[in-house]
Undergrad: 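Below: one structure in structure tokens.
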Amino acid sequence: MGLSVPAVAVLLVVLLCLDPHGRVGSAPICAHGSSGCHVPSLADLFDRVIQHSARMHSLSNDLHSEFEQYFLPSKNHIRKIYRKCHTSNILTPNGKENAQKLAREELTEVILKLLMAWRDPLFQLHQSMAHQQDFNSFSSNKALEMGDMAHELRKGVEKVAEKMRVLGMLGNSVTGLSAAEAMLPLSDSGEAMSDYELLYCFRRDSNKVQNYLKILKCRIVPEHDC
Amino acid sequence: MRSCELTHLSHWKSLPHMISPDQCNRGPVQFSLPVSDPSRGPHFTGCRSREQETFRCWWSAGIFQNLTEPGTLRVFYQTKNALSEWQECPDYTHTVKNECYFNKTFTHIWTSYCIQLRSVRENITYDETCFTVENIVHPDPPIGLNWTLLNVSHSGLHFDILVRWAPPPSADVQMGWMSLMYQVQYRVRNASHWEMLDLESGTQQSIYGLHTDKEYEVRVRCKMSAFNNFGEFSDSILVHVAQIPSKESTFPTTLVLIFGVIGLVILLVLLIFSQQQRLMVIFLPPIPAPKIKGIDPELLKNGKLDQLNSLLSSQDMYKPDFYHEDPWVEFIQLDLDDPAEKNESSDTQHLLGLSRSGSSHVLHFKSDDDSGRASCYDPEIPNPEDLAALLPGHSGRGDNHPLVSRSSSSIPDLGVQQTSEVEETPIQTQPAVPSWVNMDFYAQVSDFTPAGGVVLSPGQLNSSPEKKKEEENEKKIPFQLVSDGAYTSENTARQLSADVPPSPGPEQGYQTFPTQAVEGNLWNGEYLVSTSDSQIPYLLPEAPPVPILPPVSGYTVVQEVDAQHSLLLNPPSSQPAICPHSPNKHLPAMPTMPMGYLTPDLLGNLTP
């Protein structure tokens, strides 16, 4: 029973390294690189992040459909669909080829910008949905979960970016992490966006994030036919 | 339904009627598919994207047939992002009528498009619709659908298959630009209803529970995950598995087995019902209730006390029975019937074995025990020969009453003899047996010598008749020989009585009855021993000679019983006052004397 101190340290590190949740945000990186520590590869990290973004997008889609099912927007409301989302200012590639042409750093930055931009609006959305009695608790819980997912996804992408930087795949020009300005979801006219608009915009942006991540992974991790 | 809402919402502006959710259930294809509505004017019939990289739009002239010429109706689009101007359709497909094709360059995902159908000449906008590209994506059907047999059931009636397919080649699944979900449907051939399975993200699906000898059709379609627009179905494939004919032979066997089992069950049920009682006894034996002799509590509960009363009353019989059955009592009996026999063969003489046979009688007498004195009587009399030797000497005095007291001259001899004989026996008979023999059985032990001898009370009348130490001796059994010290055996008693020296001494020896008054000769034990000058029927009522330790206590010997069935006590030779003759005096004497062992009936006789 005389376990030496390094062995105990290794055990502790192993326990820390094991990530039962599978979330990107909670996956620690084994700094020491000890033998017992399972270091997730970049591909694994990307897979986790992409899975997470897929879940987030699916959730946003469900919420959007529920909103439409119970609250068919009025005509005036429909017009507002085509109002710009608050994230419209962020330049995002609008196609696969455009995204493929974009540099990795820029792509990563775009992803992070998008996720950062949705931190406060999602919280606001949850608050708004919780207070409205029209929504059942299930929908408001979904909104809350969605907000948490966005937060965790951002953390995960940051970790991926850091790992890429460590591996030398990314240059140092990624400045999006620091310059994360909180953008208020304001429409053109300055009014606050309604829940439906928020849902609509977030659904779109979550799809963007998911696809960007896939493209990024395809470019970073050399896989077949990618 | 969702895609219906999504696509139709963009049409609110164009469509004159409201779209209710019910109408949306009709399917998502109302806009995307190029289905024209001939009752309307020129309108868009649908826009579709197959791979989320390009899309196409179709329109119809409608009832305005004069506008069917190509070029009269033109499509303009506007991307809402850049707030750009309306641009015309980049590519009118030549091969397909009324189709506008947007290639990759002009396709912007996550961008809202608005398209208008205009008649340039008239400058009329017939239709306008807005959408985003990802919402109009309908993937191409999967390709390469095939099936393999997984297994066939044991009965041969069912089988399972595994269906495989490949994603549509147009969809960039490798990179993940499109993540597809597939849906498999199957039905019996030419049936009307399709069985739908759950969405599958992979490219294979198992189908279970298909019937053999039936032809099935299987098809598959896909959609983008998190989106609601299904693509077209793939071509159906036929699935058919022939049934193995050898399985049919098992059918009658199964029927036979089933019927046999049912028959057995019925027989068993009948058996159980017919033998119900016996089976109950076998399996559930009745627990015997405890039988307690005596009072039945059930009767008590019911208030029937007859049994109880009978039981209680039967208790009374015990005592008399005890009296009757006591061998001791039997042994000593009043000879009420024949007083004439007292002469030679008095009971005492018989008892004492005084037919001059000496030791034999003695021995016989001795051996004739168990009559009530067994517990106290020690058959192992020490030195019985010595005792017996004394008898013949004493037996010569036939005329004397066996219990006639003798002079105390022999007493010391007796005492000496006694002391010399037995060490452990405190009671020693004195050589003066003959005189004593004729007198009575018992001698009262007056004292113990330090040497262990017994000092019997002499037959002196002067000796204080210490009457009672009854409480000590009441419980002692008669004929208790030696160890108690209070009783003497018959032999010793005989010996003692033979001499009967009333001389008091340290060893007073035996206390004879006649010399002593009735009072003096009182036994503490319940004894009445009568003596008479003549032969005396030694009558002793049933008597347990209680061992007594008084120095002197007298007892009265019942002399005889006269015709009136009254007891005649010893005539008071020395103490006339003590010995009551008349039976009447028995009574007052009775309390003074310790009563002998009397049966209740005898007692009844005595009482006046």
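Computation of the quantities below employed the complete heavy-atom set of this structure, encompassing side-chain atoms and omitting hydrogens, waters and symmetry-equivalent molecules. Proteins get letters first, then strands, A, B, ... in listed order; numbering begins at 1 in each.
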Undergrad: Counting C-beta onward and ignoring hydrogens, is there a side-chain heavy-atom pair between B:W177 and A:Q100 closer than 4.5 Å?
TA: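 Heavy-atom side-chain distance check fails, nothing below 4.5 Å.
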Undergrad: Using the ring centroid of each side chain, check whether A:F202 and B:W110 are separated by less than 6.0 Å.
TA: no
Undergrad: Please report the closest heavy-atom contact between A:G95 and B:I109, naming both atoms and the distance.
TA: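 That closest heavy-atom pairing would be CA-CG1, 4.1 Å.
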Undergrad: Going by atom types alone, do A:R204 and B:N135 pair a side-chain donor with an acceptor below 3.5 Å?
TA: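 Result is no, nothing qualifies.
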Undergrad: Check B:A226 against A:S58 and note the closest heavy-atom contact, atom names and distance.
TA: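 Taking every non-hydrogen atom into account, CB-CA, 4.0 Å.
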Undergrad: Is the OH atom of B:Y92 crowded by more than 12 outside heavy atoms at less than 6.0 Å?
TA: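 Yes - once you tally the heavy atoms of other residues, nucleotides and ligands closer than 6.0 Å, there are more than 12.
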Undergrad: Looking at side-chain heavy atoms only, is the closest gap between B:V133 and A:N94 below 4.5 Å?
TA: no
Undergrad: Got a sec: does the CG of A:L91 have more than 12 other heavy atoms crowding it under 6.0 Å?
TA: no
Undergrad: Could you grab the distance from atom CG of A:N98 to atom NZ of B:K104, nearest 0.5 Å is fine?
TA: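 Answer rounded to 0.5 Å: 11.0 Å.
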Undergrad: Should the heavy atoms of other residues, nucleotides or ligands under 6.0 Å from CG of B:N146 be counted, would the total exceed 12?
TA: yes
Undergrad: Any side-chain heavy-atom pair from B:Q52 and A:N211 closer than 4.5 angstrom?
TA: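 The answer is yes; the side chains approach within 4.5 Å.
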Undergrad: How about CZ on B:R50, more than 12 heavy atoms from neighbouring residues, nucleotides or ligands closer than 6.0 Å, or not?
TA: no
Undergrad: For the residue pair B:N228 and A:S65, what are the closest heavy atoms and their distance?
TA: ND2-OG, 4.2 Å
Undergrad: So for B:S179, is it side chain, backbone, both, or neither that comes closer than 4.5 Å to the heavy atoms of chain A?
TA: both
Undergrad: Counting only N and O atoms by type, is there a donor-acceptor contact under 3.5 Å from the side chain of A:K214 to the main-chain atoms of B:M175?
TA: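 Flag not set: sc A:K214 to bb B:M175 has no pair under 3.5 Å.
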